[in-house]
Structure formats: structure tokens, C-alpha cells
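Report on the structure given below.
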Amino acid sequence: MLVKKFGGSSVADPERVMHVAQTITEAYNDGHDVVVVVSAQGDTTDHLIEAAHIINPNPSKREMDVLLATGEQQSMALLAMAIESLGFPVISLAGWQAGIQTNSNHSAAHIRRINTERIHNELAKKNIVIVAGFQGVNRYDDITTLGRGGSDTSAVAIAAAMHADLCQIYTDVDGIYTADPRKVRGAQKLDRITYDEMLELASLGAQVLHNRSVEMAKKYNVRLDVLSSLVDLPGTKVREAVKVEKWLIKGVTSDNDVARISVCNVPDRPGIAFKIFSILGAQKINVDIILQSIGRENTKDISFTVAREMKDRAVEVLQDNLDVMDGVYFLCDDNIAKVSIVGAGMQTNHGVAARMFEALSEENINIQMISTSEIKISVLIKKSDSERAVQAIHDAFIS
């Protein structure tokens, strides 16, 4: 059994839809049971959002889910029609028809379970099954969407629930690279990568796979392949155990959609950090890099990063809840980028951080904050330096 996921660029126009249909029917002819998950075509989702905001600048998340789910339904129907035209048995299913059940967090729902009975029945009839990605239904039978990258998550969830032999993610690139090949000279394609390495890359700005889909693949040991929908070339395998490769670092990536918030002049006493981050957590505001200054005159500064779109909300809720502390003030900066290196090899090799910092020093790039884990090092720098930083670091480790 194969689960194949095709992104928006893969089905962007009639020619590409027919090419995808041929890819699917070739697998069917080879004797595989085939379940396909599709995203909305091209810029369809952006156009739907724009249309909604013309009518209502602040629409409810429920109605936005109802609207945005139509993009994937359009793709699934067109792809099913293309497969029909080639003479193959096929059926398309919306998320709710495919049994994808979620919680009620509209626009960012999480899959709770998948009732696979309908998909199994259609496969038993020898049908190719096309499923609309990015969507499901909650306990009240309301349509929900899974948020950014939701179709990747749909595909992996279906593969896990169906115990598929392989989940293939088709994109407009032919695999996972050590850096964005469109921006970095010398970027090289990886034959294999671990779930943990791929999860770090996805979380740090690499846009090939969504981090929630990788988390699910790791949890349920779903075998993932990342392939090109445009050219017939070997892709990258995402697995738990991999052979030793020549690269200590598997990837260099940058994320420009971050902001740094500094809470300054807070009292230097136990419980202050807990208060700040519990306030943010209650508002579902995710925090990444955290730095606390050494106390001075019984005060300290606490700096942290959030997604740029959450910057104003984070400051607002902190101001509302910390205004009883005399002298506390806030500084914000969204003119920054987070540049990271990822690789399981860092656990057993010394001097990795020094090598990274040397590469930045030679480019006269200043480091503002640093975060590390066993397989990752991230630094905060000026946004204008991000492309030079990625290239310099890539040259230092992968050449």
C-alpha cells in the first residue's frame, strides 16, 4: 500500500494534474493499493483568504475553515477526473468522508483519529482513492482545517492509520538538501536523513516537510520518501536508522519570520520567569530561544523569540499582566533571522559551535542570541545578514 501526497505546485494547472494522474496510475498498474492526498492548486488558498477579507476583514475561524476546505476539494475532484480520463477506477473523498476526525481548534486542528473503514472499502473495490488534505471534521460535524502544512500531516496520518508500506511526499524539489538550493551555492541532496534531523530542519524554517507530519511519522514509524513531482529522480528517505554519511551537518537553514521580545527591568526574584512564560503559554504563544541577563540592582532582563505574527499579541498580554511591576518595559525587534545547523553527528564531534561562529565572524556577522541542543545550534542575527550567514556556514561544513 502506498500513500502519495501531492502539493499545490504539483497540481497547479491541467498539464501538471495529468502528469500526476499518470504517476498515480503507473503505481496502480504495478499492483499497489494507492491512496492519494492532495493540496489546493497553486495559490488557491491565498486567493480564498483574500476574497474572504474583502467581504469581512475579521471572519470567524469556523467559516474560514468551511471556505478554505474547498480548495483541496477542487483539487481532488479534478485529479479524479484526470484519472477517470485515463480509464482507471477512482473515487475522491473529502476529509470527513475519509474518516479524518479532529478536535475543534478551527484553523489549527489536530487529528484525533481516522476511521479507515471507507478507505479500506474503496480499496477493496480496486479503486484509487483521492483524499482532500488539510481538513477533517470535529465532533459536531463541523469542517476543520489543520493549519499550515496540513496536507503533509493528513498524508502521514492516513499512512499510519492504514499501516501503509510507504508514504511518498511529492514536491517541486527532488528531495531534502543541505540548504535551499535556490539560494545557497553548493547545496547537496541527501540520500537519507533521520526523523530527528528532519524534525529540527522543519521546525527551523526548512519548508519541504511540515514539522507536525515529521513528528507523526517518527511516532508511528511511517517510512517517508520526499520526491519531485516534476522529474523522475531518486528522492530523500526519512527513516529512524540511517547509514553513516560523509556529512557531520545535515542541513543549514534560516527563518526570517521571527521576532525578539525583551522584558526589561523585571524584579530579580524567584517566580518571575514562570509568571512571564505561563502568561504566554495560556495564550498559546510558542516561545523559542530564551536568554536571561545577569541581575543588576535587583533587576534583570529576559529576552525570547516568538513567531513574528505573534509579536504584538505577546507584548499585549504581557503588558496587561505585568503592569503592576514598577519600571518594567518592553523592547521588540522583528528585523532578525534565526540561522541554524542540524546534524546528529554533532553529538560525537567537538568544535562544531566554534566552527560555526568562526564562519560568521569571518563575514563580520554579529550573534545576538544562541540556542543549542544535541543535534542543533541556532543563532539570532540581523535579517539582512541571513543569506550571507547561511552560505558562509554551509561552505564551512559542506563543500
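Everything numeric in this text was worked out from a predicted model, so none of it was measured.
- Applying the side chain to side chain contact (heavy atoms under 4.5 Å, CB included) test between Ser262 and each of Ser303, Ser293, Cys332 identifies Ser303 as the sole match.
- Residues Arg355 and Glu358 are not paired through a salt bridge, judged by the lack of any N-O separation under 4.0 Å between the basic side chain and the carboxylate.
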Give the table of side-chain donor-acceptor pairs shorter than 3.5 Å for residues 25-36, with sequence neighbours excluded, one pair per line with atom names and distance.
from  : atom 1 : to     : atom 2 : distance (Å)
Thr25 : OG1    : Ala21  : O      : 3.0
Thr25 : OG1    : Gln22  : O      : 3.0
Tyr28 : OH     : Lys126 : O      : 2.6

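- Atom CG of Asn115 has more than 12 neighbouring heavy atoms from other residues, nucleotides or ligands inside a 6.0 Å radius.
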Using side chain to side chain contact (heavy atoms under 4.5 Å, CB included), reason through Thr178 and Ile249 one step at a time and then give a plain yes or no. CA-CA 8 Å; Thr178 53; Ile249 300 302; over 6 Å; no

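- Grouped by direct or indirect side-chain proximity (heavy atoms under 4.5 Å, Ile/Leu/Val/Met/Phe/Trp/Tyr only), Tyr329 sits with Leu331.
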Please set out all donor-acceptor pairs under 3.5 angstrom arising from side-chain atoms of residues 91-101, sequence neighbours excluded.
from   : atom 1 : to     : atom 2 : distance (Å)
Gln97  : OE1    : Ala94  : N      : 2.8
Gln101 : OE1    : Arg113 : NH1    : 3.3

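- In terms of heavy atoms, Ala164 sits closest to Val3 at CB-CG2, 3.8 Å.
- Although no hydrogens or angles enter the test, the distance criterion places no donor-acceptor pair under 3.5 Å between the side chain of Gln368 and the main chain of Val379.
- Note: the hydrophobic cluster containing Ile158 also contains Leu146 (ILVMFWY, side chain heavy atoms under 4.5 Å, direct or indirect links).
- Under the 4.5 Å side-chain heavy-atom criterion for grouping Ile, Leu, Val, Met, Phe, Trp and Tyr, Val156 is connected to Leu199 within one hydrophobic cluster.
- With rounding to the nearest 0.5 angstrom, the CG atom of Asp43 is 10.0 Å from the OG atom of Ser9.
- Taking the side-chain hydrogen bond (donor to acceptor under 3.5 Å, both in side chains) definition, one finds that Gln73 meets it with Gln135, sequence neighbours left out.
- Checked by atom type and distance alone, the side chain of Thr116 never pairs as donor or acceptor with a backbone atom of Ile119 at under 3.5 Å.
- Scored by the side-chain hydrogen bond (donor to acceptor under 3.5 Å, both in side chains) test, Ser39 finds Ser151 as partners (sequence neighbours excluded).
- Around the CG atom of Asn364, the shell of radius 6.0 Å holds no more than 12 heavy atoms that belong to other residues, nucleotides or ligands.
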Under the side chain to side chain contact (heavy atoms under 4.5 Å, CB included) rule, what do Ile276 and Leu318 come out as? Steps first, then yes or no, please. CA-CA 7 Å; Ile276 290 172; Leu318 288 175; 4.0 Å; yes

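- In the hydrophobic clustering of this structure, Leu291 groups with Ile336; members are Ile, Leu, Val, Met, Phe, Trp, Tyr whose side-chain heavy atoms approach within less than 4.5 Å, directly or through other members.
- Here the shortest heavy-atom pairing between Gln319 and Phe330 reads CG-CE1, 3.3 Å.
- Contacts of Thr23 classified as side-chain hydrogen bond (donor to acceptor under 3.5 Å, both in side chains), with partners at least two apart in sequence or in another chain: none.
- Residues Ala314 and Ile261 approach most closely at CB-CD1, 3.6 Å, considering heavy atoms.
- In plain terms, the two heavy atoms of Val37 and Gly133 that are nearest each other are CG1-CA, 3.6 Å.
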Below 3.5 Å, can you tabulate the donor-acceptor pairs from side chains in residues 214-224 to any protein atom, sequence neighbours excluded?
from   : atom 1 : to     : atom 2 : distance (Å)
Lys218 : NZ     : Asp196 : OD1    : 3.3
Arg223 : NH1    : Asp165 : O      : 2.7

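- Here the OG atom belonging to Ser278 is positioned 8.0 Å from the CG atom belonging to Leu280, to the nearest 0.5 angstrom.
- Using a 4.0 Å cut-off between charged nitrogen and carboxylate oxygen, Arg192 and Asp225 do not count as a salt-bridge pair.
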For a side chain to side chain contact (heavy atoms under 4.5 Å, CB included) check, start with the C-alpha distance between Thr299 and Asp268, then their side-chain angles and the critical distance, and finish with the verdict. CA-CA 5 Å; Thr299 68; Asp268 188 11; 5.5 Å; no

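- For the atom pair NE2 (His120) and CE (Met162), the distance works out to 4.0 Å, reported to the nearest 0.5 Å.
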Do Glu200 and Ser373 pass the side chain to side chain contact (heavy atoms under 4.5 Å, CB included) test, and can you show the C-alpha distance, the side-chain angles, and the key distance before you say yes or no? CA-CA 10 Å; Glu200 289 286 5; Ser373 73; 3.8 Å; yes

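- Arg212 and Thr153 make their closest contact through CB-OG1, 3.8 Å (heavy atoms, listed as atom of the first residue, atom of the second, distance).
- Using modelled atom types, no side-chain atom of Thr171 and backbone atom of Ser228 make a donor-acceptor pair closer than 3.5 Å.
- Between the side chain of His210 and the backbone N or O of Arg148, at least one donor-acceptor pair lies under 3.5 Å.
- A pairwise comparison of heavy atoms in His394 and Ala179 identifies CD2-CB, 3.6 Å as the closest pair.
- In this structure, the side chain to side chain contact (heavy atoms under 4.5 Å, CB included) partners of Glu15, at least two apart in sequence or on a different chain, are Asp13.
- Exactly one of Val252, Thr253, Ile398 qualifies for a side chain to side chain contact (heavy atoms under 4.5 Å, CB included) with Ile393. That residue is Val252.
- Under the rule for a ring-ring contact (aromatic ring centres under 6.0 Å, His included), the partners of Phe277 that lie at least two apart in sequence or sit in another chain are Phe304.
- The hydrophobic cluster containing Val137 does not contain Val131, counting ILVMFWY residues as joined when their side-chain heavy atoms lie under 4.5 angstrom apart, directly or transitively.
- Between Ile128 and Glu122, the closest side-chain pair of non-hydrogen atoms is not below 4.5 Å.
- With rounding to the nearest 0.5 Å, the separation of CD1 in Ile176 from CD in Gln188 is 15.0 Å.
- Judged by distance alone, the side chains of Thr102 and Thr144 do bring a donor and an acceptor atom under 3.5 Å apart.
- With rounding to the nearest 0.5 angstrom, the NZ atom of Lys338 is 12.5 Å from the CD1 atom of Ile381.
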Checking salt bridge (charged side-chain N to carboxylate O under 4.0 Å, His left out) for the pair Lys382/Asp385: CA distance, chi angles, key distance, verdict? CA-CA 5 Å; Lys382 285 183 179 179; Asp385 291 333; 5.8 Å; no

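- Residues that satisfy the ring-ring contact (aromatic ring centres under 6.0 Å, His included) test with Tyr170, not counting sequence neighbours, are Phe6.
- Counting heavy atoms of neighbouring residues, nucleotides and ligands inside a 6.0 Å radius, atom CE of Met1 exceeds 12 of them.
- The line from CG of Asp257 to CZ of Arg308 is 4.5 Å long, rounded to the nearest 0.5 Å.
- A salt bridge between Asp142 and Arg62 is present, with a side-chain N of the basic residue lying under 4.0 Å from a carboxylate O of the acidic one.
- Under 3.5 Å, the side chains of Asn138 and Ser104 contain a donor-acceptor pair of N or O atoms.
- In this structure, Phe134 belongs to a hydrophobic cluster whose other members, linked by side-chain heavy atoms under 4.5 Å apart, are Leu48, Ile49, Met64, Leu67, Leu68.
- With sequence neighbours left out, Asp65 forms a salt bridge (charged side-chain N to carboxylate O under 4.0 Å, His left out) with no residue at all.
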